[in-house]
Every structure is written in structure tokens, then in C-alpha cells.
Amino acid sequence: MFKKSIFTLAFLAVIGWVSAQSLQFEYGGHVYANGETVVCTHYDEDMGELLQEMQLRNLSTTSQDVMVKREIIQMVEGTQNSFCWGNCFAPSVDVSPRPQILEAGEVSAEGLLSFHQLIDPSYSGNPIPGTSIVKYYAYPAGQETEEDMVCIEVWFAFNAEGIDENKIVFSHAFPNPASSVVRFNYQLPATGNVSVSVYNLLGQEVLSQQLDAMQGQAALSVSDLTEGIYFCNLKVDGRAVKTEKFVVKKF
């Protein structure tokens with residue numbers, strides 16, 4: 001009886017913790033688990049930034065005034081981060097100045113919530129390719145406790161020079177995940193010194209290979225790399241013109 005009572009109390013405690021989470025992150029019908037990591041590689045050419053759009057859903061049966069805040073875990077040198085929640089805020093803002101109202105069961109409109117990673121205009125050097133990590137939290141106004149907050153962690157895979165250009169082909173990695181060799185098909189419209197470089201999530205170059213033609217297939221040996229997420233830059237004369245993501249997994 002004593003063990004059963006302990007189990008019942010523990011179960012009720014878990015239920016109470018889950019029910020306290022009255023918000024959830026989602027986008028395009030996909031629901032993100034609390035604390036889930038999202039890798040952002042979408043480069044918005046018009047704005048010159050990495051962009052991660054997101055939505056929030058009110059899971060409760062009453063309307064809520066919802067706040068959003070961020071926590072910077074790691075920032076690539078020469079870049080900065082900002083977010084929008086109703087209005088777009090300066091990179092210095094960590095907490096939305098005012099809440100947005102979500103009615104019971106309502107999901108925020110597309111474009112209302114978004115996260116942005118871009119080159120810092122005040123930085124005089126060349127930004128370093130790498131990954132910035134930022135946590136974003138949503139919570140009912142006045143209820144900033146761990147039990148009330150929902151979190152999503154975004155990894156911005158930022159290549160400072162990786163702006164897409166017309167007529168450049170750089171295929172998705174295959175196979176992906178890869179265990180020994182990863183391949184990319186590529187085609188470039190101009191002449192130059194062509195190479196590929198692979199970076200880990202810390203922005204460290206772990207592999208580099210020269211290519212002997214302006215089009216063809218790049219085959220990279222990844223058997224010596226540890227399991228994880230990597231980014232491959234296609235370069236012309238040292239300038240990265242395309243970036244693709246792949247995963248190394250030892251089968």
C-alpha cells in the first residue's frame with residue numbers, strides 16, 4: 001500500500017508538471033517537444049540572415065498574455081541575434097517588452113514569431129563560419145517559472161559568406177546520414193579554384209578537399225569524423241558560395 005501511494009503521488013506530480021505547460025512551439029503542423037533542438041540553415045537572401053520561423057499555441061482553456069525571451073548560449077564572432085514577437089526587437093533585447101494575446105486553443109499567426117541571425121554591421125573583421133546557439137522561452141506573463149515556461153533551442157548554422165548565387169548547383173548530401181563517404185553533386189558557371197570544407201558545430205574546419213573541375217561529384221571520406229552534425233561549404237577562390245548540412249552516424 002505504501003509503495004502504491006508513493007507511485008500515485010509521483011504520477012500526479014508528473015501530470016501536474018505537464019499540465020502546467022500551457023504553451024507549445026510548433027510550425028507548419030509540426031509540434032516541437034519542450035527543449036527540442038532545431039538546426040536552422042535557411043538563408044533569407046533578401047534580408048541577408050538566417051531565419052527560423054515559429055508559432056506558439058495556447059493549450060489552455062482561457063486566453064493568455066504570452067511573453068517570449070531568449071538566452072544566448074553561444075554566438076559566432078561577427079554575428080548577432082534578434083527575434084520578433086508581434087514586433088521585431090533590437091539585438092540587445094532579451095525579453096519581449098510586451099505580451100501577445102493568444103485565445104484558448106489559438107495558434108499564433110505565421111510571421112508573428114521569428115528568430116534571426118545576421119552579420120553584425122559594426123563588426124570590422126570577417127565573420128567566422130560556425131554555429132550560434134540560442135534558447136527561446138515562452139510563458140504566460142507574470143509566470144516566469146521553469147514549470148510555466150516552454151523552451152526551444154535553435155542552432156544557427158551560419159556561414160558568413162554562404163549567400164546563394166544564381167546558377168550554382170550544390171546538391172543535398174548523400175547518403176545522409178553517412179558512415180564512411182558522403183557525396184555532393186555540384187556545378188559552377190565560372191572558372192576558379194574550387195574546394196569543399198567541412199565544419200563541425202563549433203565552426204572548426206575538420207576536413208578540406210580540392211576539386212579538379214567546375215562540375216562533377218565531390219566524394220568526402222568521413223570515416224574519421226565523430227558522430228554528429230556537420231556543414232559542407234562549396235568554395236570558389238576561397239569564398240564559400242553554398243552550404244549543405246549532413247550527419248555522420250556509425251552504423
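For this chain, numbers begin at 1 and follow the sequence in order.
Side-chain atoms of D65 do not come within 3.5 Å of backbone N or O of I101 as any donor-acceptor pair. Judged purely by atom type and a 3.5 angstrom limit, S171 uses its side chain to pair as donor or acceptor with the backbone of N185. Remark: side-chain polar atoms of Q55 are not paired, donor with acceptor, to backbone N or O of L113 under 3.5 angstrom. Checked by atom type and distance alone, the side chain of Q187 never pairs as donor or acceptor with a backbone atom of I168 at under 3.5 Å. Between the side chain of S96 and the backbone N or O of M67, no donor-acceptor pair lies under 3.5 Å.
Looking at every heavy atom in both residues, R70 comes nearest to N81 through NH1-O, 2.6 Å. Listed here is the closest heavy atom pair of R57 and G105: NH1-O, 3.2 Å. In terms of heavy-atom proximity, C232 sits nearest to L220 at SG-CD1, 3.9 Å. Contact detail for V247 and N176: the closest heavy-atom pair is N-OD1, 2.9 Å. Between V76 and S132, the shortest heavy-atom distance links the atoms N-OG, 2.8 Å. Looking at every heavy atom in both residues, V181 comes nearest to A219 through CG1-CB, 4.2 Å.
The pair D94-K69 does not meet the salt-bridge criterion, since no charged nitrogen lies less than 4.0 angstrom from a carboxylate oxygen. A salt bridge does not link E227 to K250: none of the charged side-chain nitrogens sits closer than 4.0 Å to a carboxylate oxygen.
Counting only N and O atoms by type, the side chains of E106 and N58 include no donor and acceptor under 3.5 Å apart. The closest side-chain donor-acceptor pair between Y186 and Q215, if any, does not fall under 3.5 angstrom. Using a 3.5 Å distance cut-off with no hydrogens or angles, the side chains of T79 and Q117 do pair a donor with an acceptor. Side-chain contact check for E205 and S197: at least one donor-acceptor pair (N or O, by modelled atom type) lies under 3.5 Å. Side chain to side chain, Q209 and S195 fail the donor-acceptor criterion of an N or O pair below 3.5 Å. A side-chain donor from one of Y123 and E77 sits under 3.5 Å from a side-chain acceptor of the other.
Side-chain contact check for E153 versus I133: some heavy-atom pair is nearer than 4.5 Å. In this structure the side chain of Q210 never reaches within 4.5 angstrom of the side chain of V194, judged on heavy atoms. Counting only heavy atoms from C-beta outward, the side chains of Y230 and K245 never approach each other to under 4.5 Å. Within the 4.5 Å cutoff, side-chain heavy atoms of F231 are placed close to those of T131. Side-chain contact between P97 and N87: absent, with no pair of heavy atoms (C-beta onward) separated by less than 4.5 Å. Counting heavy atoms from C-beta outward, Q64 and S22 have side chains that approach closer than 4.5 Å. Taking 4.5 Å as the limit, every side-chain heavy atom of Y139 sits out of range of all side-chain heavy atoms of V150. When side chains are defined from C-beta on, F156 counts as touching V134, because their heavy atoms get closer than 4.5 Å.
Put simply, NZ on K235 and OG1 on T243 are 9.5 Å apart, with the number rounded to the nearest 0.5 Å. Put simply, CG on L59 and CG on L102 are 10.0 Å apart, with the number rounded to the nearest 0.5 Å. Distance check: D120 CG to Q80 CD gives 4.0 Å after rounding to the nearest 0.5 Å. N233 contributes atom CG, which lies 8.0 Å from atom CZ of F170 (distance to the nearest 0.5 angstrom). The distance from the CD atom of E71 to the SG atom of C151 is 8.0 Å, given to the nearest 0.5 Å. Annotation: the span from Q21 atom CD to S60 atom OG amounts to 12.5 Å, rounded to 0.5 Å.
Residue F174 is not grouped with residue V222 when hydrophobic side chains (ILVMFWY) are merged at heavy-atom distances under 4.5 angstrom, including chains of intermediate members. Both W155 and I73 belong to a common hydrophobic cluster when Ile, Leu, Val, Met, Phe, Trp and Tyr are linked at side-chain heavy-atom distances under 4.5 angstrom. V68 and L51 fall into different hydrophobic clusters, where Ile, Leu, Val, Met, Phe, Trp and Tyr side chains are chained together by heavy-atom contacts under 4.5 Å. V107 is not connected to F25 by any chain of hydrophobic side-chain contacts under 4.5 Å among Ile, Leu, Val, Met, Phe, Trp and Tyr, and they are in different clusters. The hydrophobic clustering, which links ILVMFWY residues whose side-chain heavy atoms are closer than 4.5 Å, places Y32 and V66 together.
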**ring-ring contact (aromatic ring centres under 6.0 Å, His included) assessment of F89 paired with F83** = CA-CA 6 Å; F89 310 115; F83 70 96; 5.3 Å; yes
**Request:** Just do the side-chain contact (heavy atoms from CB on, under 4.5 Å) check on L234 and L211 with the steps written out, would you?
**Result:** CA-CA 10 Å; L234 177 64; L211 303 176; 4.1 Å; yes
**Asked** Given the rule in the side-chain contact (heavy atoms from CB on, under 4.5 Å) test, do L50 and H116 qualify, once you have shown the distances and angles that lead to the verdict?
**Response** CA-CA 6 Å; L50 284 168; H116 308 259; over 6 Å; no
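Ring geometry for F246 versus F184: interplanar angle over 60°, hence perpendicular rather than tilted (30 to 60°).
Every residue was checked against the ring pair (Phe, Tyr, Trp, His ring centres under 6.0 Å) condition with H172, not counting sequence neighbours, and none meets it.
Under the 6.0 Å cut-off for aromatic ring centres, F115 and Y136 qualify, their centroids lying closer than that.
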